[in-house]
Amino acid sequence: MSDPALRKDVWPLDAKTQPDAFEQYRKGCAHLFDITLLSPEETFFNRLEGYHLGPVVLAHCQGVPQRFERKLSHIMLDAAESVMAVLELEGGDWRGDYDGREAGGHMGQIRIIDMTRPFDMSTGAYASLYVITSRAQLEGCGDLDFHGLMVTEDSVSGRLLGSHLRALAEVVDRMTVREAGAAAAAILALLGGAIMAHAKPASGGPRPIEKMLLASGRQFIEQRLDDVELSPESVRRHLGVSRSLLYKVFEPLGGVSAFIQGRRLDQAFDSILQDRAERHTLGEVAYRHGFRSDAHFSRAFRGRFGVTPGRLRRLGEAARREGLSALERPDDVWAWLRGL
């Protein structure tokens with residue numbers, strides 16, 4: 001059985017024959033970035049040819065002068081950890097701000113973009129080759145800052161990557177699926193090599209997308225502390241991210257499981273104080289806050305607050321007179337308990 005040919009996706013847009021060409025283009029790219037034309041709309045033209053090479057997408061694109069703005073709102077809608085490399089084939093004089101890194105370039109340069117970070121760039125009329133893959137495919141690059149990095153074809157790694165992409169663009173329309181796998185492996189090796197040769201270590205601080213994911217994840221958790229189905233997996237599905245990214249986002253808070261348990265314990269603390277008539281047993285309080293074992297609840301509660309749930313119930317009236325609340329006045333809670 002013969003190896004099937006690659007599928008080719010073509011998206012031609014031309015205002016000369018399609019009056020709404022730019023609007024189609026703008027809507028089609030809206031999840032990725034905002035686009036502003038830098039030339040009259042009646043002259044708008046854009047043609048995209050794309051090929052899926054397994055873990056890599058290779059695309060050839062031609063277009064008119066325009067501005068691309070990828071904001072945090074776009075990143076939240078498209079939270080995949082994608083990396084894009086752009087080889088300028090024609091024209092393409094461009095300038096941009098890549099999350100604080102000012103950059104500019106021209107034909108013959110390769111621009112590498114971390115799609116989990118914002119950017120704002122403008123370009124002249126251009127023809128470019130695009131490579132899109134996931135960060136996880138680039139071994140050894142996880143701790144490197146390559147957002148807005150320019151690699152010239154004057155460098156060894158740039159020449160190897162650029163030459164491979166140019167040669168691939170000439171034959172990709174005749175390539176089979178099996179051949180595409182080998183081509184993708186070569187792209188990943190050369191792109192990873194270029195990044196490792198030119199990028200610097202990342203600062204170590206959370207990226208903007210991680211800050212936004214953390215804020216969104218915390219809000220999701222806070223609103224569902226009573227939900228017995230609340231779990232790291234439900235948070236992951238809500239955010240639409242990988243497990244590894246979820247764990248990295250919540251790492252500063254001790255991890256997503258620890259954060260959920262901590263906030264449930266805070267809520268249980270308040271529930272005990274608010275239950276003046278002791279209508280609910282401590283076992284019921286534990287169960288309502290996601291604990292299936294009274295002993296586990298008691299250990300976790302004491303580990304967080306320094307007192308057992310039973311002792312807090314006995315101290316209830318004194319605590320209520322202080323106006324304590326683990327959810328609203330956490331600093332006061334710790335100060336009061338330390339003074340017991």
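Note that the structure is predicted; figures quoted are calculated from it, not measured. Residue numbers run from 1 in the order of the sequence given.
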Walk me through it: do Phe45 and Lys16 pass the test side chain to side chain contact (heavy atoms under 4.5 Å, CB included)?
CA-CA 8 Å; Phe45 168 82; Lys16 294 178 180 177; over 6 Å; no
Q.
Under the criterion salt bridge (charged side-chain N to carboxylate O under 4.0 Å, His left out), I'd like the reasoning laid out for Arg111 against Glu88: C-alpha separation, chi angles, the key distance, then a yes or no.
A. CA-CA 8 Å; Arg111 179 169 76 258; Glu88 307 293 354; 2.7 Å; yes
Checklist line | His74 and Asp34: CA distance, side-chain angles, deciding distance, side chain to side chain contact (heavy atoms under 4.5 Å, CB included) verdict | finding: CA-CA 9 Å; His74 297 109; Asp34 291 341; 3.1 Å; yes
(Q) Please evaluate residues Val64 and Asn46 with respect to the criterion side chain to side chain contact (heavy atoms under 4.5 Å, CB included), reporting the C-alpha separation (whole Å), side-chain torsions for both, the decisive distance (0.1 Å), and the verdict. (A) CA-CA 7 Å; Val64 297; Asn46 195 86; over 6 Å; no
Give the C-alpha distance, both sets of side-chain angles, the deciding distance and a yes or no for side chain to side chain contact (heavy atoms under 4.5 Å, CB included) between Leu239 and Phe220. CA-CA 9 Å; Leu239 296 178; Phe220 179 80; 6.0 Å; no
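Put simply, the side chain of Gln137 does not reach to within 4.5 Å of the side chain of Val83, judged on heavy atoms. Side-chain contact between Arg236 and Val256 is absent, with no heavy-atom pair separated by less than 4.5 Å. Within the 4.5 Å cutoff, no side-chain heavy atoms of Phe301 are placed close to those of Arg311. Using a 4.5 Å cut-off on side-chain heavy atoms (C-beta onward), Pro12 and Arg47 make contact. Between Val57 and Tyr130, the closest side-chain pair of non-hydrogen atoms is not below 4.5 Å. Here the side chains of Gln66 and Thr123 are in contact, with some heavy-atom distance below 4.5 Å. At least one side-chain heavy atom of Leu214 sits less than 4.5 Å from a side-chain heavy atom of Phe250. Using a 4.5 Å heavy-atom threshold, the side chains of Leu53 and Ile187 count as touching.
For the atom pair CD of Glu233 and NE2 of His238, the computed distance is 13.5 Å after rounding to the nearest 0.5 Å. Taken to the nearest 0.5 Å, the CZ atom of Arg70 stands 12.0 Å off from the OH atom of Tyr98. One distance of note links CZ of Arg313 with OG1 of Thr308; it measures 11.0 Å at 0.5 Å rounding. Within the model, atoms CD1 of Ile110 and OG of Ser155 stand 7.0 Å from one another, a figure rounded to the nearest 0.5 Å. Annotation: the span from Thr36 atom OG1 to Arg26 atom CZ amounts to 10.0 Å, rounded to 0.5 Å. Considering CG of Leu58 and OG1 of Thr133, their distance stands at 11.5 Å, rounded to 0.5 Å.
Salt-bridge check for Lys8 with Asp173: failed, with every basic side-chain N at 4.0 Å or more from each acidic carboxylate O. The pair Lys248-Glu251 does not count as a salt bridge, with every side-chain nitrogen at least 4.0 angstrom from each carboxylate oxygen. The residues Asp145 and Arg117 are annotated as salt-bridged, a charged nitrogen and a carboxylate oxygen being separated by less than 4.0 angstrom. Between Glu153 and Arg166 there is a salt bridge, since at least one side-chain N of the basic residue sits less than 4.0 Å from a carboxylate O of the acidic one. Ion pair Asp9/Arg7 flagged as a salt bridge, since at least one NZ, NE, NH1 or NH2 atom sits closer than 4.0 Å to an Asp/Glu carboxylate oxygen.
Considering all non-hydrogen atoms of both residues, Ile35 and Cys29 come closest at CD1-CB, 3.6 Å. Across all their heavy atoms, Cys61 and Leu48 have their closest contact at CB-CD1, 3.9 Å. Annotation for Leu265 and Ala300: closest pair CD1-O, 3.6 Å, computed over non-hydrogen atoms. Among all heavy-atom pairs drawn from Ala183 and Leu168, the shortest one is CB-CD1, 3.8 Å. Between Ser298 and Pro309 the shortest heavy-atom distance is OG-CD, 3.8 Å. In terms of heavy atoms, Glu284 sits closest to His280 at OE1-CA, 3.1 Å.
Neither Val10 nor Tyr126 shares a network with the other; the hydrophobic side chains, linked directly or stepwise wherever heavy atoms of I, L, V, M, F, W or Y lie under 4.5 Å apart, form separate groups for each. Using a 4.5 Å cut-off between side-chain heavy atoms of Ile, Leu, Val, Met, Phe, Trp and Tyr, with links allowed through other members, Leu149 and Met121 fall into different hydrophobic clusters. One hydrophobic cluster, built from ILVMFWY side chains closer than 4.5 Å, cannot hold both Ile112 and Met150; they sit in different ones. Cluster annotation: Met196 is connected to Leu165 through the hydrophobic network of ILVMFWY side chains, with a link wherever side-chain heavy atoms come within less than 4.5 Å. Cluster annotation: Tyr247 is connected to Val241 through the hydrophobic network of ILVMFWY side chains, with a link wherever side-chain heavy atoms come within less than 4.5 Å.
In this structure a side-chain-to-backbone donor-acceptor pair under 3.5 Å is missing from His164 to Leu161. In terms of modelled atom types and a separation under 3.5 Å, the side chain of Glu179 and the main chain of Thr176 share a donor-acceptor contact. Put simply, the side chain of Asp97 gets close to the backbone of Asp99: a donor and an acceptor are under 3.5 Å apart. Arg263 places no side-chain N or O within donor-acceptor distance of the main-chain N or O of Leu225, the cut-off being under 3.5 Å. Looking only at distances, no side-chain donor or acceptor of Ser234 sits under 3.5 Å from a matching main-chain atom of Leu230. Between the side chain of Arg95 and the main chain of Ser122, no donor-acceptor pair closer than 3.5 Å is present.
In Glu139, the CD atom is not crowded: 12 or fewer heavy atoms of neighbouring residues, nucleotides or ligands sit closer than 6.0 Å. Heavy atoms from other residues, nucleotides or ligands lying under 6.0 Å from CZ of Arg243 number 12 at most. Shown here is Glu102, whose CD atom has more than 12 heavy atoms of other residues, nucleotides or ligands within 6.0 Å. Annotation: Arg224, atom CZ; neighbour count of heavy atoms from other residues, nucleotides and ligands within 6.0 Å is above 12. Few gaps surround CZ on Arg101; more than 12 heavy atoms of other groups in view lie less than 6.0 Å from it.
Using the six-membered ring where Trp is involved, Phe119 and His147 have ring planes that are tilted, between 30° and 60° apart. Between Tyr25 and Trp11, the angle of the ring planes lies from 30° to 60°, which puts this pair in the tilted group. Note: Phe305 and Phe269 have tilted aromatic rings, judged against thresholds of 30 and 60 degrees for the angle between ring planes.
In this view, Arg288 satisfies the salt bridge (charged side-chain N to carboxylate O under 4.0 Å, His left out) rule with no residue, not counting sequence neighbours.
For the pair Arg292 and Tyr287, the cation sits on the ring face: its NZ or CZ lies under 6.0 Å from the ring centre, inside 45° of the axis.
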